[in-house]
Amino acid sequence: MNQLEQILQKQVKSAVNDLYGIEVECSSVQLQKTKPAFEGNITVVVFPYVKTARKAPQAVAEEIGKYLSELQESITLRYNAVQGFLNLVITPDFWLKSLEEIYRDETYGRLPQNGQLMMVEYSSPNTNKPLHLGHVRNNLLGYSIAKIQEANGWQVVKTNIVNDRGIHICKSMLAWQLFGNGETPESSGKKGDHLIGDYYVRFDIEYKKQIKQLTEQGMDEDTAKREAPLMKQAQQMLLKWEQGDKEIRQLWEQMNSWVYAGFDETYRTMGVSFDKIYYESNTYLEGKKEVERGLSEGKFYRREDNSVWADLRQDGLDEKLLLRQDGTSVYITQDIGTAKLRYQDYPIDKMVYVVGNEQEYHFKVLSLLLDRLGFPFGKELVHFSYGMVELPNGKMKSREGTVVDADDLMQQMIADAKEVSKDKVNKITDIGQAEADEIARKVGLGALKYFILKVDPKKNMLFNPEESIDFNGNTGPFIQYTYARIKSILRKNDTEINIDATTTVNDKEVSLIQMLTQYPQVVKQAGDEFSPALIANYTYQLASEFNSFYHDYSILNETDKNIRQMRLMLASSTAKVLSSAMALLGIEMPERM
RNA sequence: GGUUCGGUAGCUCAGCUGGAUAGAGCAACAGCCUUCUAAGCUGUGGGUCCCGGGUUCGAAUCCCGGCCGAAUCACCA
């Protein structure tokens, strides 16, 4: 709800009351942006009043229009009525005042602190393989959501739960032990996470060989999978890990440290960060304790085989295993422990889990279990569920080698940006190699981030590795470029930026100002709906609108001083909003490109 | 099979809390740089908004029923 809408809703409310005796809520007054085919900035939809008014839509629109334009405090310059649509042209004075307010507001678009704390969990990698495109979507969404909620007044704690234990890690460790010959990141020059990932793949290859061998000897496949020596060894290793075997723990710590160094580098390149990192190796025992407590309080039950279960049938779900018969914990058990520790560490008012939609069932169960265990936050948790990234031939599968590696992808994007910008940047003669590299980095990553974030998070999205991500059109670089052009103008301006109340504004200027006034609502809505895509699409429209204005009108060469000043203010405000909005997406803006 | 989500231009996506003639980008075609950065701007062509009913002044949008696709319903995480 911005100022324009507030004023008009109030005025329309009193109009229909005075004219027809209809009582309406301000919020029920329907306003929309005027379609380009008609003259006007904003349109009042009068259909809701025609029945009670017992007049034709056209007449009602005319009457309300007349009323609005004749008010003492009217902001309506002209109006026209078409069918049931009342199109209003708002006074230049109103637009100029709005522009100046935006220009002067240092924190435009940000809501004041609401005094509440939101924790956002995202990323949550396994430590047995490097990050891929699926993780990239997760990380970008998580980081952006954190920024957006901050702008909406929340104190945000970004957190990461690292899945650093379990059979999958043992597989990598075992393969390294058996086939690694002591290879290290240093000795091989590989990034730590990639090194470990290679051994995870190696395990799978050798494991499959063993299965094949066993089935050829006449064993059925399921048995072969269980009986393969490698699998047995991996399970053995997991058991030793749980028992705290020194040698295994040491190996585990060694390999994890390599992976973390690799992840840190990926996160740094991606530009995401965390305020607090949790490790499942530290939280799963807490989870087991909570399950034991629930058991003793009669909230869960033990089967004859010693396994522990929760009965969720009354909630429309099924029974859920919480502890295996050997007492080891499962995925959900760890999440219970992690949740408990987090609430011990922080006064969390809202907990958000950025996790793919494949885990919707999991979070329904988690919510119910936490609630049942007496945690007041159980019911309130938010599973920010996003869609998968698909390749042209379907889902990414690590085993089939169809994953798009995060590091490779980012480097490729930066290289592409370098290629594209080579000629263009050369036009600006004083850009050196260092700045050129920095520009390529921002542009390449900007293209990637925008490409991913502009899509509605709920939906699955398609990535075709064969087609490079665009740098033209509805893209990150388009917006960065618009920003760089404005900054170029502002650098060349040496006059003070002020505004004169008698200045005129043309259609394109009004359109731009109007779009700028919508920014706070967009931020609010993006926060309410957890949707960076709303920010992305708004930013594109704003940049697009500016480019059209830029093409048609000169700023620095405008001879009318008042108009020039107003345009400088408009350009500056546009740059401010563009960069503010892109920051909410985690996208950096180059000053030149 | 149950549940959830999706189906809009050749492709990738907006629009979905009901409003005017359904929008962008890419791709195709035609124009615009001696003028603040052409990663830009302007124009042309391109649609059974999956199908069928219903609700009403009005439906891509809401409801019901189909069809198609995805996810999930693990002692994997």
Side-chain angles (χ1 to χ4, degrees), chain A residues 30 32 34-38 43 45-48 50-51 57 82-85 87 124 126 128 163 165-168 280 305 307-309 316-318 320-326 328-332 334-335 355-362 364-365 385 387-388 390 392 394-395 417 420-421 423-425 427-428 443 447 451 454-456 458-464 467 469-482 484-493 529 533-534 536-537 540-541 543-544 546-558 567-568 571 592-593:
Chain A
Q30 287 187 47
Q32 59 187 55
T34 307
K35 303 271 178 200
F38 307 92
T43 296
V45 183
V46 306
F47 286 107
V50 300
K51 222 173 211 171
V82 183
Q83 315 290 355
F85 298 93
N87 305 316
S124 313
N126 290 349
N128 63 330
N163 182 11
R165 58 172 289 278
I167 190 74
H168 50 287
E280 280 188 358
D305 67 0
S307 57
V308 177
W309 295 74
L317 304 180
D318 208 340
K320 181 76 188 174
L321 177 93
L322 302 176
L323 292 176
R324 298 191 185 95
Q325 37 183 305
D326 62 4
T328 55
S329 67
V330 292
Y331 180 44
I332 198 130
Q334 305 163 15
D335 268 357
V355 180
N357 60 15
E358 56 197 350
Q359 295 194 34
E360 277 171 7
Y361 184 78
H362 172 78
K364 267 189 200 134
V365 173
S385 160
M388 302 287 98
E390 287 167 344
K395 232 185 131 177
V420 170
S421 67
D423 310 327
K424 325 213 176 216
V425 160
K427 288 198 306 193
I428 310 172
V443 171
F451 176 82
K454 78 169 175 184
V455 180
D456 181 347
K458 289 196 301 286
K459 293 187 179 175
N460 287 356
M461 64 174 290
L462 189 107
F463 176 81
N464 188 349
E467 299 168 9
I469 294 175
D470 253 298
F471 291 89
N472 299 321
N474 185 359
T475 66
F478 172 91
I479 295 155
Q480 291 171 318
Y481 180 67
T482 308
R485 292 217 286 200
I486 297 174
K487 293 308 261 194
S488 172
I489 292 172
L490 295 176
R491 275 193 300 272
K492 286 176 183 158
N493 171 58
E529 296 179 21
L534 292 175
N537 286 309
Y540 172 67
Q541 283 169 27
S544 195
F546 182 84
N547 282 328
S548 172
F549 160 74
Y550 176 93
H551 178 265
D552 289 359
Y553 302 98
S554 184
I555 296 171
L556 293 175
N557 298 327
E558 170 57 48
R567 287 186 184 159
L568 280 165
R592 308 198 279 182
M593 64 187 276

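Order of the sequence lines sets the chain letters (A, B, ...), proteins ahead of strands, with each chain counted from 1.
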A.B. asks: Remember a base hit wins even if backbone is also touched, and classify A:Phe38 as base, sugar-phosphate or nothing at under 4.0 Å, heavy atoms.
C.D. replies: base

A.B. asks: If the P atom of B:A24 is compared with that of B:C36, how far apart are they to the nearest Å?
C.D. replies: 28 Å

A.B. asks: First and last nucleotide of RNA chain B in contact with chain A, 5' to 3', at under 4.0 Å to a heavy atom: what are they?
C.D. replies: B:U4 to B:A77

A.B. asks: Would you please name every residue forming a ring-ring contact (aromatic ring centres under 6.0 Å, His included) with A:His168, sequence neighbours left out?
C.D. replies: none

A.B. asks: Mind checking who B:U21 pairs with, Watson-Crick or G-U wobble, both distances under 3.5 Å?
C.D. replies: none

A.B. asks: Please state the C1' separation for the pair B:C51 and B:U42 - nearest whole angstrom.
C.D. replies: 39 Å

A.B. asks: C1' atom, B:G52 versus B:U17: distance in rounded Å?
C.D. replies: 26 Å

A.B. asks: Give me the distance, rounded to whole Å, that separates B:C41 from B:G6 when you measure between the P atoms they each carry.
C.D. replies: 32 Å

A.B. asks: With sequence neighbours left out, what residues match A:Phe38 under ring-ring contact (aromatic ring centres under 6.0 Å, His included)?
C.D. replies: none

A.B. asks: Any side-chain heavy-atom pair from A:Ile489 and A:Leu568 closer than 4.5 angstrom?
C.D. replies: yes

A.B. asks: Describe the nucleic acid contact of A:Tyr553 in one word from base, sugar-phosphate, nothing, applying a heavy-atom distance below 4.0 Å.
C.D. replies: base

A.B. asks: Heavy atoms under 4.0 Å, any strand shown: does A:Lys492 hit a base, just sugar-phosphate, or nothing?
C.D. replies: sugar-phosphate

A.B. asks: Suppose we define a pair by two distances each less than 3.5 Å, Watson-Crick or G-U wobble; what does B:U56 pair with here?
C.D. replies: none

A.B. asks: A:Ser548 near the nucleic acid: base, sugar-phosphate alone, or nothing, with a heavy-atom cut-off under 4.0 Å?
C.D. replies: sugar-phosphate

A.B. asks: Closest nucleotide of RNA chain B for A:Leu462 versus for A:Phe85: which of these residues is on the 5' side?
C.D. replies: A:Leu462

A.B. asks: Does B:C62 sit syn or anti, given that only angles within 90° of 0 count as syn?
C.D. replies: anti

A.B. asks: Counting C-beta onward and ignoring hydrogens, is there a side-chain heavy-atom pair between A:Tyr361 and A:Leu317 closer than 4.5 Å?
C.D. replies: yes

A.B. asks: Would you kindly say whether A:Asn547 and A:Thr482 are connected by a side-chain donor-acceptor distance under 3.5 Å?
C.D. replies: yes

A.B. asks: The criterion is salt bridge (charged side-chain N to carboxylate O under 4.0 Å, His left out); which residues satisfy it with A:Glu529, sequence neighbours excluded?
C.D. replies: none

A.B. asks: With rounding to whole Å, what would you report as the distance between B:A74 and B:G66 at their C1' atoms?
C.D. replies: 32 Å

A.B. asks: Please enumerate all residues that pass ring-ring contact (aromatic ring centres under 6.0 Å, His included) together with A:Phe47, with sequence neighbours excluded.
C.D. replies: A:Phe85

A.B. asks: Check every strand shown and say whether A:Val420 touches a base, only sugar-phosphate, or nothing at a heavy-atom separation below 4.0 Å.
C.D. replies: base

A.B. asks: For the P atoms, the ones on B:C64 and on B:G45, what distance do you get once it is rounded to whole angstrom?
C.D. replies: 39 Å

A.B. asks: Please classify the nucleic acid contact of A:Gln541 as base, sugar-phosphate, or nothing, using heavy-atom distances under 4.0 Å.
C.D. replies: nothing

A.B. asks: How would you label the contact of A:Asp335 with the nucleic acid (heavy atoms, under 4.0 Å): base, sugar-phosphate, or nothing?
C.D. replies: nothing

A.B. asks: Write down the distance separating the C1' atoms in B:U12 and B:U8, rounded off to the nearest Å.
C.D. replies: 12 Å

A.B. asks: For A:Phe478, report the nucleic acid contact type (base, sugar-phosphate, nothing); a contact means any heavy atom under 4.0 Å.
C.D. replies: sugar-phosphate

A.B. asks: May I ask which nucleotide in the shown strands pairs with B:A39, Watson-Crick or G-U wobble, both distances under 3.5 Å?
C.D. replies: none

A.B. asks: Base, sugar-phosphate, or nothing: which does A:Val50 touch, judged by heavy atoms less than 4.0 Å apart?
C.D. replies: nothing

A.B. asks: Which part of the nucleic acid, if any, lies within contact of A:Glu280, taking any heavy atom under 4.0 Å across all strands shown: a base, the sugar-phosphate backbone alone, or nothing?
C.D. replies: sugar-phosphate

A.B. asks: What is the base-pairing partner of B:U3, counting Watson-Crick and G-U wobble geometry with both distances under 3.5 Å?
C.D. replies: B:A71

A.B. asks: Looking only at atom P, what distance separates B:A22 and B:C26, rounded to whole Å?
C.D. replies: 22 Å

A.B. asks: Under the rule for ring-ring contact (aromatic ring centres under 6.0 Å, His included), what residues qualify as partners of A:Tyr481, not counting sequence neighbours?
C.D. replies: none

A.B. asks: Once you apply a heavy-atom cut-off of 4.0 Å, does A:Tyr361 come out as touching a base, just sugar-phosphate, or nothing?
C.D. replies: sugar-phosphate

A.B. asks: Could you tell me the separation between the CG atom of A:Asn474 and the CD atom of A:Gln541, rounded to the nearest 0.5 Å?
C.D. replies: 9.0 Å

A.B. asks: Does A:Lys459 or A:Lys51 map to a spot on RNA chain B nearer the 5' end, using the closest nucleotide for each?
C.D. replies: A:Lys459

A.B. asks: Contact class for A:Asn128 (heavy atom, under 4.0 Å): base, sugar-phosphate, or nothing?
C.D. replies: nothing

A.B. asks: Please give the nucleotide sitting opposite B:G65 as a Watson-Crick or G-U wobble pair, both distances under 3.5 Å, or none.
C.D. replies: B:C51

A.B. asks: When we call it a touch if two heavy atoms are under 4.0 Å apart, what does A:Thr43 touch: a base, just sugar-phosphate, or nothing?
C.D. replies: base

A.B. asks: Just checking A:Met388: base, sugar-phosphate only, or nothing, at a heavy-atom cut-off of under 4.0 Å?
C.D. replies: nothing

